[in-house]
Amino acid sequence: MQIAPTLTEELKRRDQQSVWHPFTPLADSHKIIPLTGASGCYLHTADGRKILDAIGSWWVNLHGHAHPYMAEKLAEQALTLEHVIFAGFTHEPAITLAERLLAILPAGMSKIFYSDNGSTSTEVALKMAFQYWHNQGIEKRRIVALDGAYHGDTFGAMAVGERGAFTAAFHRFLFEVDFLDFPHPHLSAKHILDSFEKLASSSEIAAFIYEPLVQGAAGMRMYEATVLNDLLTIAKKHHILCIADEVMTGFGRTGSLFASDHCSIKPDIICLSKGLTGGALPLGVTACTEAVMKPYRSENLLKTFFHGHSFTANPLACTAANASLDLLLTSECQNSIHMIMETHAQFKEKIATHPTVLNVRQQGVILAIEIRTNAATSYFNEVRNSLYDYFLEKNLLLRPLGNVIYLLPAYCITSEELQWIYQEIEQLLELMLEEK
Ligand SMILES: *Cc1c(COP(=O)(O)O)cnc(C)c1O
């Protein structure tokens, strides 16, 4: 039985020699865990452990890992058409996926533009919005975003995101953006609405971009649909294009298919990725209304949207998305989503008054627990590393955002597995209380 540990050591050594990991200090590269596979909600490590993935592998996985139905559809497609240039050509998986998305997205979306990840889906949305005005001979230079926003790691996406420690090296290269205060549920929204109204009446605003209801990277911060509706009402009044970044919130995460479903005012552009393919392959979608496209409908070739990626609408990725939709729309999956929501709600109730809990909040299948520590709530709160290690030792993958522990599981998680995660969290809360 010497083989398994040897494999782990060997993979770690080779990884450290050749691979640079995302969002990982190089000094921590020895902590990387080699996997040999995964199934359902479990990651299989090279040394024989099974780790319960409670965060859907960075918010992407909807139906569990290595799903047989997804694998079968992908294998079929791989033997049919694996990839083709998408300028001048089309294929069934992309057409079918566009039709199906338009049928379930909030009313009014009329076209699907493909790219290949979440950051590109927001880059495309921003370029689409700027050129929408440019094609009409109107120059609008400014974008409004929410404080704490995260829209991806490429330059345009960074520009409309929170200016923080992650982006400090690039601040002077980012275009100017007007940030509105985050509409915390316990604060009055009036001053935020007033400042938006003031900015909006300058007629310099091309678009308003937002993560509807939940800001993921900011620490699963949640806000009310009513405030968002009021913001969208102001935007519409001033003809500002509304860009809903549903990269994280899409495909059931907030309890309905899309977070925008919770609002009566609908966006003009919607960005999708992450759960789009059930988490199996990279794919991005930017959906827009006919009104957004209108200035592009021209005999003038210069009004074309000159944007594309080599892997735009990759047939395998589109096939994964179609297969994921098949699974997502079954009553079995919808029931699971409701089970997770109800189970979360009970646990939330149970720990709400725990002295170690600063705040516990839920939206759909997302449950976030803000731990009380001596330092302020932030990604760099030092409790983060010890929490991550603590849970991993228990074969549980939770990846706290600073002092915010959150659950964002695949929909195939069972109520027993959820209860086990809750128990581990409660035990930790008790331990932290004793240490005080
Ligand atoms: C993850 C995320 C992105 C970026 O997606 P990538 O695929 O990681 O580039 C953009 N917006 C939101 C809301 C996200 O959560």
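In this chain, residues are counted from 1 in sequence order. Indexing begins at 1, ligand by ligand and atom by atom, following the structure's order. What you are looking at is a predicted structure, and each value in this text was computed from that prediction instead of being measured.
- Taking 4.5 Å as the limit, every side-chain heavy atom of F196 sits out of range of all side-chain heavy atoms of D178.
- Proximity of the aromatic rings of F113 and F305 is defined here by a centroid distance below 6.0 angstrom, and this criterion is met.
- Annotation: ring-ring contact (aromatic ring centres under 6.0 Å, His included) contacts involving residues 312-338, sequence neighbours excluded, are absent.
- If you look at ligand 1, the protein residues with a non-hydrogen atom under 4.0 Å away are W59, N117, G118, S119, Y150, H151, G152, E211, D245, V247, M248, K274.
- The pair R142-E176 meets the salt-bridge criterion, with a side-chain N (NZ, NE, NH1 or NH2) lying under 4.0 Å from an Asp/Glu carboxylate O.
- The shortest distance between side-chain heavy atoms of T289 and V292 falls below 4.5 Å.
- Taking a cutoff of 4.0 Å between a charged side-chain nitrogen and a carboxylate oxygen, E246 and R253 do not qualify as a salt bridge.
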